[in-house]
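In what follows, a structure is listed as structure tokens, so that the remarks can point back to it.
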Amino acid sequence: MAYRIIFHVDMNSFYASVEAAYNPNLKGKPIAIAGNPEERKGIIVTSSYEARAKGVKTTMPLWEARKLCPDLIVMRPNFNRYRIASKEMFKILSEVTPYVQPVSIDEGYMDITDCEQKGSPIAIAQALQQKIATQLDLPCSIGIAPNKFLAKMASDMKKPMGITVLRKRDLPVKLWPLPIEEMYGIGKKTAEKLNQIEIFTIKDLAHADPPTLKRLLGINGERLQNRANGIDPSPVDPEAVHDFKSIGSSETLPQDTTDENEIRKLFRHLARNVARRLKRKQAVGRNIQIMIRFHNRKTITRSMKLPEFIEDEEEIFGAGYALFEQHWNGDPVRLLGITIQDIAEKKEIAQQLDLFTYEVDASKEKLYKAIDQLTDKFGKNPFIKLNNPIDDDEPRTSFQKDFLDDYRD
Amino acid sequence: MKFIIQRDQLMDSVQDVMKAISSRTTIPILTGIKLEAHADGVKLTGSDSDISIESFIPKEEEGIVYIEQIEPGSIVIQAKYFPDIVRKLPQNTVEIEADEHLKVTIRSGNSEFHLNGQDADEYPQLPKLHTEDSFELPTDLLKNLIKQTVFAVSTVETRPILTGVNMKVANKELDFVATDSHRLASRKIPLTEETENIAFSSVVIPGKSLIELNKILEDTQENVEISVTENQILFRTKNLYFLSRLLDGNYPETSRLIPDQSKTIVYGNTKELLQSIDRASLLAKENRNNVVRFQTKTDNQLEISSNSPEVGNVVEEVTAKSIDGEELKISFSAKYMMDALKAIESDQVKIEFTGAMRPFIIRPIDNDQVLQLILPVRTY
């Protein structure tokens with residue numbers, strides 16, 4: 001691939017910064033955004049740098065954060081504000097180039113390879129950072145690199161308001177010394193596995209024995225090693241945000257419980273959330289996964305392939321609760337989640353073939369037939385994509401990516 | 001200008017030329033109907049500049065007098081009001097008169113209308129076709145060619161050429177083809193001695209023009225003369241002159257997209273299939289693409305079904321005349337199938353499938369001239 005210039009733009013403590021932009025009195029003070037400041041389930045979703053300086057961390061329970069930082073200002077999330085700010089931010093990015101790939105509410109990649117006439121990459125980054133700071137009063141860090149992975153690592157190196165260039169020749173000095181768990185794409189579980197084969201830094205990974213890696217992590221091992229060596233051919237894809245693979249919702253109970261009524265109620269609520277999001281995406285799914293976290297933070301996920309695509313609350317609740325009953329050992333439950341996977345857009349499900357292009361689809365007919373036959377034989381699609389197990393313990397916020405294309409309206 | 005005319009004859013002609021008149025034209029005078037009185041009859045003209053229609057009412061025909069007291073002249077009358085006036089006039093005869101101040105008087109019985117007209121000299125001259133390239137077809141045959149194909153034209157402008165019907169001459173056959181890329185309709189007729197020296201090879205006629213033409217043409221065996229130039233086509237009968245522009249561009253080559261072999265062949269009764277699909281589609285109307293599922297079973301049974309999760313489902317078995325070849329499970333748009341079966345105009349059909357993701361072909365059992373092709377819907 002030809003030489004590329006990729007930006008990764010990462011908003012600094014986004015929710016807290018948006019709150020400070022709305023209310024300048026909050027500037028310079030320790031702010032934390034928490035799920036629910038009153039109840040125990042309140043955990044820190046994000047915090048300002050001032051709070052972080054006192055040791056406040058994301059996912060920390062509220063009481064613990066208050067202990068570390070007694071003058072902490074705790075706020076409930078104002079999702080609407082963040083959404084609007086995010087939309088404006090992506091609008092500014094898309095003024096530079098149409099090649100903007102939002103990855104979450106507060107970060108995105110840009111491919112500025114063809115933006116030479118707008119100045120040097122550093123000049124473009126500075127102008128962009130200034131513009132976001134003056135127009136939205138929000139800080140961000142920008143990583144500049146020849147690919148997405150390095151850009152992502154670079155934006156992390158200097159916060160807030162940093163601009164970091166990471167060239168391939170910088171790898172031995174800037175990237176390789178980092179501990180392996182700081183590498184993007186490596187979660188706790190993967191890091192533990194790598195530690196077992198004596199890989200502790202990114203450098204260790206870059207120089208690891210490929211067959212050993214492959215045995216340990218499969219195809220992903222090869223990809224991670226490439227990245228450690230500064231190779232990441234994945235393009236900046238403005239449409240990638242549409243390739244949603246799952247839609248889910250999870251929530252912590254006010255108290256650990258074994259009360260089935262409580263549990264049913266929460267499942268009902270989660271099913272409603274998921275159904276609403278599916279509807280919004282005009283999507284249906286035919287794999288359901290539930291997550292159960294027990295009082296001791298032990299977490300299990302269980303999933304089931306469904307015979308039909310489902311989309312409404314009743315179906316999701318029915319399938320999800322059945323799965324729960326099957327796998328619940330009776331221990332007190334702290335958090336529950338439902339995720340619908342194997343998602344398809346409705347219009348794809350009944351895809352009208354086209355006279356001038358049907359050959360492309362028809363060429364896969366044999367494959368579909370084979371899958372059908374194997375499905376008959378084995379009862380479920382043997383080629384179902386493996387879902388990456390959730391590596392971290394972090395409960396997902398109610399943010400989904402399903403609005404990240406808003407900025408283009 | 002003045003004449004007294006039979007109201008019914010006038011009404012028919014008005015309705016014909018109205019097919020060409022659009023209220024949304026960019027040339028204001030085209031919102032009117034041009035009336036021209038000549039010694040031998042009255043001519044009405046309507047046009048939207050894409051289609052132009054002239055309808056001639058002879059002074060007398062087969063001994064019946066339609067028009068009396070003709071004083072030659074011409075005028076353009078507002079098409080917004082004229083048809084309703086003529087329709088509601090109290091008597092069977094109508095007197096129409098226009099003076100030099102362009103005032104039009106319409107009298108019938110005790111009723112008298114005064115309308116402001118426009119100068120006929122300002123009405124655009126219809127282009128006169130200069131071509132030797134013309135041929136004749138019986139009117140009813142032309143109507144059939146249109147009916148069996150025009151419904152399949154595209155109604156969206158993403159590929160403008162597909163909004164037309166491709167009329168082409170190849171292998172001593174005249175072929176009408178229409179496709180919106182989801183289905184294709186084709187009707188061929190062999191060229192006769194009179195038609196075999198047609199010089200054009202392929203033109204594309206706007207679907208809208210053919211729909212209007214079909215409405216106007218009467219179901220007779222009299223001939224229509226068809227003349228083709230580079231950018232226009234003219235259909236002419238004794239009293240009608242129908243001119244349409246042609247679509248620019250090359251029509252895609254469709255013949256190679258039509259499968260020439262099949263894996264499953266179903267023979268069946270057209271009406272039974274049509275009604276069965278109609279029933280199955282009752283529930284499918286709500287669902288995504290009005291999709292029905294079609295499945296071959298043993299003992300010449302076909303299962304036609306549809307499922308709309310919110311509404312319910314329907315399953316129906318139809319007995320086919322015969323089913324040859326591989327088992328088949330396929331889904332398709334009920335609407336396309338019904339359109340095709342209606343256009344077949346034959347009691348028995350032959351449906352040839354080449355797999356669940358490839359186009360299938362519907363033909364009359366005994367006739368290769370009509371071909372309907374449908375692309376299936378891929379479902380999960």
Side-chain angles (χ1 to χ4, degrees), chain A residues 245 271 275 278-279 281-287 305-319 340-376 380-385, chain B residues 152 154 158-159 161-162 177-186 251-259 263 284 286-293 306-310 313 326-336 353-361 372-380:
Chain A
K245 301 228 161 53
L278 280 170
K279 192 166 179 193
K281 270 294 184 190
Q282 283 294 299
V284 294
R286 59 171 172 184
N287 202 65
K305 173 106 184 133
L306 303 163
E308 291 276 1
F309 279 98
I310 62 170
E311 57 185 312
D312 69 29
E313 187 198 323
E314 204 54 52
E315 294 168 319
I316 297 167
F317 172 76
I340 296 295
Q341 298 158 327
D342 200 356
I343 298 248
E345 278 182 68
K346 274 190 190 177
K347 61 170 193 253
E348 288 174 357
I349 294 170
Q351 183 201 354
Q352 171 66 57
L353 300 179
D354 185 292
L355 181 60
F356 302 102
T357 59
Y358 75 89
E359 290 287 358
V360 180
D361 296 293
S363 65
K364 294 181 198 146
E365 190 175 6
K366 278 200 179 120
L367 173 67
Y368 293 133
K369 237 186 185 160
I371 292 176
D372 269 356
Q373 281 163 2
L374 289 167
T375 304
D376 285 346
K380 65 172 191 175
N381 184 345
F383 300 105
I384 181 164
K385 282 175 222 139
Chain B
S154 171
T158 45
R159 278 183 82 178
I161 198 80
L162 297 185
V177 179
T179 179
D180 59 8
S181 87
H182 297 148
R183 33 80 179 269
L184 177 146
S186 150
Y251 201 80
E253 180 49 57
T254 51
S255 51
R256 65 181 171 78
L257 298 168
I258 297 169
K263 290 183 179 163
E286 287 300 312
N287 85 6
R288 298 115 195 177
N289 297 338
N290 195 356
V291 173
V292 295
R293 185 182 276 256
S306 161
N307 180 30
S308 297
E310 316 86 54
N313 65 73
E326 295 178 10
E327 275 178 33
L328 176 83
K329 221 191 275 182
I330 193 168
S331 296
F332 48 75
S333 154
K335 181 182 183 300
Y336 294 165
F353 299 91
T354 14
M357 296 183 60
R358 291 173 183 277
F360 58 95
I361 295 171
Q372 301 289 337
L373 172 147
I374 295 174
L375 274 295
V377 164
R378 182 177 139 201
T379 58
Y380 295 83

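- Counting heavy atoms from C-beta on, the side chains of Tyr358(A) and Arg358(B) come closer than 4.5 Å.
- Asp180(B) is linked by a side chain to side chain donor-acceptor pair (under 3.5 Å) to Arg183(B), counting only residues two or more places apart in sequence or in another chain.
- The CG atom of Leu355(A) lies 5.0 Å from the OG1 atom of Thr179(B); values are rounded to the nearest 0.5 Å.
- Heavy atoms closer than 4.5 Å to chain A are found in the side chain of Leu373(B), but not in its backbone.
- Residue contact with chain A, scored on non-hydrogen atoms closer than 4.5 Å, involves the side chain of Leu184(B) exclusively.
- Heavy atoms closer than 4.5 Å to chain A are found in the side chain of Arg159(B), but not in its backbone.
- Partners of Asp354(A) according to the side chain to side chain donor-acceptor pair (under 3.5 Å) rule, which considers only residues two or more places apart in sequence or in another chain, are Ser181(B).
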